[in-house]
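Report on the structure given below.
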Amino acid sequence: MDILKQFWSERLRTYLDQMARTRGIDAAGVKEVSLILQRPPKPELGDLAVPMFPFAKMFRAAPPLLAAEIAEFAGEDAEAASWGTAQADGPYVNIRVNLARVTESLFADIRSREGSYGSSESLAGNRVMIEFSCPNTNKPLHLGHLRNDSIGASVARILKANGAEVRKVNLINDRGVHICKSMLAYLKFGQGRSPESEGVKSDHFVGDYYVKFSQWARENPAAEQEVQEMLRNWEQGDEATVELWKLMNHWAIEGIESTYDKTDIVFDQVYYESSTYAKGREEVLKGLQSGIFHRDDEGTVWVDLEHIKLGKKVLLRKDGTSLYVTQDIGTAVQRYEDWPFDRLIYVVGSEQQYHFTVLFHILSQLGYSWADQLYHLSYGMVNLPEGKMKSREGTVVDADDLIDELERMAKQEIVEKGREHEVDDLDNTAEAVALGALNYYLLQVTPAKDMVFNPKESLSFTGNTGPYLQYMGARISSMLRKYEAEGLSGPAADGSLLTLQVERELIKMLAGYPDAVVQAGAELNPSVIAAYLYDLTRVFSRFYHDVPVLRAETPQLASSRIELCRAMRSVLMHACRLLGIPFLEVM
RNA sequence: GUACCCAUAGCUCAGCUGGAUAGAGCAUUAGAUUGCGGAUCUAAAGGUCGGAGGUUCGAAUCCUCUUGGGUACACCA
């Protein structure tokens, strides 16, 4: 499609140039006006549309007149004829391109690239580190984490598909007062119980004590002080405290990792706040020495960000313990030392925008030249139809529960459809469908926006959903298997035979896939792929429904349509991968 | 109070650097299976793009103001 766009835009330029000369208008001025190539609103109108409005003023002629004149030029242009035909529709020049050229290069491209069609080198040479997930070790993952994980994993794959060198990192928030809360509660009420003894998933086990702490603290004003004391003990390396911490962290992380397994979340490196906070403290003390930061009478170390209207920010408490921002300073420095990056993307909720503005600014003040290569990929909250998730009201959607429920529903669906014995493995297939539904649901919304998570809707497998995409993939696969099995492979495919409206639409969309991947990479936005993929698949569904493939009128038409289906399957697989939707041969 | 984000069909979301009659899914209604998987397809109905100005030949898109909602502004993370 690109070749054709390029050809036509150059061609139209030539015509405009000639038109300017014959009228004695400044041709250089005409060149200044940009030519807009877009898609006509209806496919019957053609494949490319060029509005003439921008040229009206310069030519002092009505746009329809200009369009007609250009169409006339094109009609007399013998070379252009092999690239398509142009026609004036009111103020627009509509071009019906010679799509066979696109089809041939599309097929050749897809064949030769063996599944990598859609990948590009637009970000080649870029070293991108991407941080996401970042769980706390005091409770299990919830729906908010799932959105974070989906976005992070998908953006990482999209960047990779654009040629970037990507390193996925996690940061486990395994220290701080909130961690001490579940520890303290366990100390008081645990009485030697364990996840095994209670038969509870280990991260949920820890989370239960976090909840217990909150209840207990409501009746005990001294609770907060006890927690602070525990944190001091921990930072001073008190043996018993550290042992308890290790035990509970082990439980929490083990549980969280099993959730990662289920959702196909993998990291190249995992950082632990407990091992980077000390470096953060060093950095802060360095800054104090060089006079960037201040220490007040009580011993608190703080930075003045008044000049950028961010007020004063404390970096070390008066008792010397670290804060969230302190450790993030240390982590960033550590990361650059470990793996010098061109870009570090933090996938973190929008409520932390202030935090990152502060963090980036501090790092820049500390003199790190890479501070301006840090980027906060901010995403919106996940709400429920009834409103916000509130832990106090118990409306937080637990990740494991949700996934279990999705799998149960998927399994039920497979059984109801009578496909229990068609699929290779019922459990695996149900898991794949559940994951496809979940990831698509979470990624179809632009990250920056808040979204509503409707449990009922997320469990639906019809319409604009992940399983819809998987279903089309399975049907194409099934058809291709039949084609192979019947040994129908006849004459070579001929793209010029694919002339139906729906075939043309499909080819144009397939040809546009690489653009979608580039755009998604540039915008760090998986929803670009999701929207593209759903549009594409809808067109394919129409094609599949209306047009016979295996029983096409002639063997050559059949093999040509099969080739189109192969192209479709290749793009579907590639795009599904980017979105974390498992591709299924059978479902 | 200050800053940032959001507002499109009953609900959930698209809408590319401004361009032809603003699109999907769900829900509602009516249809389609002697062809490759009906988890599908077709159609109907549903909109003063929160409101008001402005820029422009042309605005859902850009600018200003305004209304409504969200978030942040901790020695929590």
Side-chain angles (χ1 to χ4, degrees), chain A residues 34 36 38-42 45 49 51-54 56-57 62-63 89-92 94 134 136 138 173 175-179 181 228 273 298-302 309-311 313-319 321-325 327-328 349-355 357-358 378 380-381 383 385 388 410 413-414 416-417 419 422 433 441 444-446 448-454 456-457 460-465 467-468 470-472 474-483 515-516 519 523 527-528 530-531 534-535 538 541-542 544-552 558 561 565 586-587:
Chain A
S34 61
I36 298 161
Q38 58 191 42
R39 274 183 65 166
K42 285 186 176 178
L45 290 169
M52 284 297 115
F53 302 103
K57 196 178 249 173
D89 287 301
Y92 293 86
N94 287 329
C134 304
N136 293 331
N138 59 357
N173 294 303
R175 61 157 293 279
V177 280
H178 57 302
I179 306 301
K181 285 178 182 174
Q228 289 295 339
E273 203 183 298
E298 291 185 310
T300 307
V301 178
W302 53 277
K309 293 185 181 169
L310 291 174
K313 186 79 194 165
V314 171
L315 301 176
L316 287 177
R317 295 190 185 96
K318 55 182 168 245
D319 62 7
T321 55
S322 301
L323 286 95
Y324 180 46
V325 66
Q327 67 81 20
D328 250 355
S350 57
E351 70 275 9
Q352 294 197 33
Q353 282 183 29
Y354 169 81
H355 169 75
T357 314
V358 168
S378 154
M381 310 194 48
N383 297 315
K388 291 190 58 175
E413 186 82 5
I414 294 167
E416 269 174 20
K417 295 262 187 297
R419 299 203 49 86
E422 305 287 332
V433 171
Y441 193 90
Q444 78 189 123
V445 181
T446 304
K449 287 194 183 185
D450 287 354
M451 67 178 285
V452 173
F453 184 88
N454 185 330
K456 221 180 273 170
E457 212 175 82
S460 140
F461 301 137
T462 62
N464 189 359
T465 65
Y468 171 84
Q470 289 173 314
Y471 179 61
M472 288 318 300
R475 291 211 291 186
I476 299 171
S477 302
S478 162
M479 190 168 59
L480 293 176
R481 275 194 303 272
K482 261 181 196 158
Y483 185 76
D515 291 344
Q519 191 194 337
E523 294 177 12
S527 81
V528 170
Y534 178 66
D535 266 356
R538 244 170 14 106
S541 293
R542 199 147 40 84
Y544 179 90
H545 188 268
D546 297 345
V547 182
V549 176
L550 297 180
R551 279 163 221 178
R561 284 181 180 157
C565 291
V586 180
M587 68 184 275

If you measure from the [atom1] atom in [N] to the same atom in [M], how many Å do you get, rounded?
N: B:rA44; M: B:rG53; atom1: C1'; answer: 38 Å
N: B:rC41; M: B:rC36; atom1: C1'; answer: 14 Å
N: B:rG51; M: B:rG68; atom1: P; answer: 15 Å
N: B:rU42; M: B:rG38; atom1: C1'; answer: 13 Å
N: B:rG18; M: B:rC63; atom1: C1'; answer: 13 Å
N: B:rA60; M: B:rA7; atom1: P; answer: 15 Å
N: B:rG23; M: B:rG70; atom1: C1'; answer: 27 Å
N: B:rA22; M: B:rA59; atom1: C1'; answer: 12 Å

Starting from the 5' end of RNA chain B, give me the residue, A:Q519 or A:V325, whose nearest nucleotide shows up first. A:Q519
On RNA chain B, nearest-nucleotide positions of A:V177 versus A:N454: which is more 5'? A:N454
For a quick check of understanding: with a heavy-atom distance under 4.0 Å over all strands, which category does [X] fall into, base, sugar-phosphate or nothing?
X: A:K42; result: base
X: A:P40; result: base
X: A:T300; result: base
X: A:E422; result: nothing
X: A:V586; result: base
X: A:S478; result: base
X: A:D450; result: sugar-phosphate
X: A:I36; result: base
X: A:P54; result: base
X: A:Y534; result: sugar-phosphate
X: A:F53; result: base
X: A:M472; result: nothing
X: A:V549; result: base
X: A:T446; result: sugar-phosphate

Output for pair (A:M587 CE, A:Q470 CD), nearest 0.5 Å, gives 5.5 Å
Would you compute the distance between atom CD of A:E413 and atom OG of A:S460 and round it to the nearest 0.5 angstrom? 8.5 Å
Less than 4.5 Å apart, side chain to side chain, heavy atoms only: is that true for A:S322 and A:R175? yes
Pairing partner (Watson-Crick or G-U wobble, both distances under 3.5 angstrom) of [N]:
N: B:rC65; result: B:rG51
N: B:rU56; result: none
N: B:rG1; result: B:rC73
N: B:rG38; result: none
N: B:rC16; result: none
N: B:rG25; result: B:rC11
N: B:rG46; result: none

Between A:Y534 and A:Y468, does the ring centroid distance fall short of 6.0 Å? yes
Using a distance-only test with no angle check, is there a side-chain donor-acceptor pair under 3.5 angstrom linking A:N173 and A:H178? no
The first and last nucleotides of RNA chain B lying within contact of chain A, meaning any atom under 4.0 Å from one of its heavy atoms, run from B:rC4 to B:rA77
